[in-house]
Asker: 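A single structure is presented below for examination.
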Amino acid sequence: MKRQSLVDYGAALEATEAEAPAPEGTEVLVRVSHCGVCHSDVHLQDGYFELGGGRQLDVRPGRELPFTLGHEIAGEVAAVGPDATDVAVGERTAVFPWIGCGACGLCARGDEHLCNAPHALGITVDGGYATEVLVPHPRYLLSVEGIDPKLAGSYMCSGLTAYGALKKAIGHGASGPVMIVGLGGVGMMGLQFARAISDADVLAADIDPAKREAALNLGAASVFDPAEENIRRTVMKATGGGAVAAIDFVGTESSMGFAQSIVAKGGIVVVVGLMGGTFSLPVPMFPLRALTVTGSYVGSLAEAREMLDLVRAGKVAPIPVELRPLDEANRTLDDLREGRVLGRVVLTP
Ligand SMILES: [Zn+2]
Ligand SMILES: [Zn+2]
């Protein structure tokens with residue numbers, strides 16, 4: 001099989017070839033038709049995430065080189081192991097990549113995506129920048145019937161991230177308006193999932209007027225510019241005391257500052273964005289405002305199924321996609337790093 005491999009951190013990917021693995025036990029070999037190139041792949045290639053304030057999170061440990069990136073995988077079943085049931089060669093599928101160890105408490109309760117010994121495809125075990133990928137069990141294969149095959153893999157990352165965050169926000173309890181902070185691709189999906197799973201007014205905030213306009217077209221009840229003077233007072237007035245939840249799809253000091261400032265008493269801030277920075281708030285404000293601040297990282301296998309059902313039902317507008325051949329993986333990572341990609345680039349191995 002052909003792969004585009006990470007051979008060293010901070011270096012260009014290189015084409016490598018290997019024997020396609022023969023699936024054993026419950027394993028399934030998937031022939032990759034599409035694999036999305038995600039911004040987090042840029043960080044994995046670099047070997048670190050920026051935390052803000054000049055600090056970095058080292059993401060090099062736990063991976064053997066050469067390594068195959070790519071966690072936004074769709075394809076068709078090429079071969080199945082002797083113990084893999086309910087799966088047929090030729091089936092078209094999206095692959096849930098956030099696979100855990102299967103033995104810890106987090107995995108047992110269905111939160112494999114939070115496992116501390118992950119077998120996540122394209123993150124800690126070889127992923128989809130390749131003609132084939134090995135999946136440990138058919139339960140990670142999700143039907144793509146009724147879903148655009150070009151985007152099916154990417155829904156497992158950006159769609160699931162947006163959906164997982166919105167479930168935490170809506171599931172917090174109180175009814176009332178919900179604020180989406182940051183209208184990039186994931187935030188725009190978040191807006192649509194919010195409308196799909198709740199009756200609440202969905203508000204949206206972004207410093208870019210074009211994105212605010214786009215949010216109105218996707219059904220936001222009203223939009224706000226977080227950089228505007230007295231914006232907190234404006235939102236408080238418009239919402240009659242604040243949003244019950246704010247979901248921060250940016251993840252900087254200023255986006256978090258805005259998000260926490262506009263939630264009502266008893267409200268929740270869900271942090272999703274990874275831009276980097278440091279957030280501080282006087283400790284007494286947490287009890288005095290009965291404020292919850294929580295993080296959300298992708299989503300569970302169960303949430304992935306629910307999310308795909310919403311996509312299938314037409315609740316999410318498709319994002320722009322550009323298809324590129326596998327050997328353009330490295331150029332694509334460079335384009336992402338330089339901010340030259342609109343929507344999603346998807347490789348077609
Ligand atoms: Zn991703
Ligand atoms: Zn585990």
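As the structure is a computational prediction, the values presented were derived from the model and not from experiment. Counting starts at 1 for both ligands and their atoms, in listed order.
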Asker: To the nearest 10 degrees, how large is the angle at the Zn ion (ligand 2) between Cys115 SG and Cys104 SG?
Answerer: 120°
Asker: Between Val293 and Phe286, does a side chain to side chain contact (heavy atoms under 4.5 Å, CB included) hold up when you go through it step by step?
Answerer: CA-CA 9 Å; Val293 176; Phe286 287 90; 3.8 Å; yes
Asker: Hey, does the side chain of Asp46 reach the backbone of Tyr48 with a donor-acceptor pair shorter than 3.5 angstrom?
Answerer: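 No: the side chain of Asp46 does not pair with the backbone of Tyr48.
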Asker: Give a rough value, rounded to 10 degrees, for the angle at the Zn ion (ligand 2) between atoms SG of Cys107 and SG of Cys101.
Answerer: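 With the Zn ion (ligand 2) as the vertex, the angle is close to 120°.
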Asker: If you have a sec, read the angle at the Zn ion (ligand 1) from Glu72 atom OE2 over to Cys38 atom SG, to 10 degrees.
Answerer: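 An angle of 100° at the metal.
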Asker: Can you find a heavy atom in the side chain of Pro97 that is under 4.5 Å from one in the side chain of Ile123?
Answerer: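 Counting from C-beta outward, Pro97 and Ile123 never come under 4.5 Å.
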Asker: I'd like to know if Arg331 pairs up with Asp334 as an ion pair, taking the criterion as any Lys NZ or Arg NE/NH1/NH2 lying under 4.0 Å from an Asp or Glu carboxylate oxygen.
Answerer: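 No, no charged N to carboxylate O under 4.0 Å.
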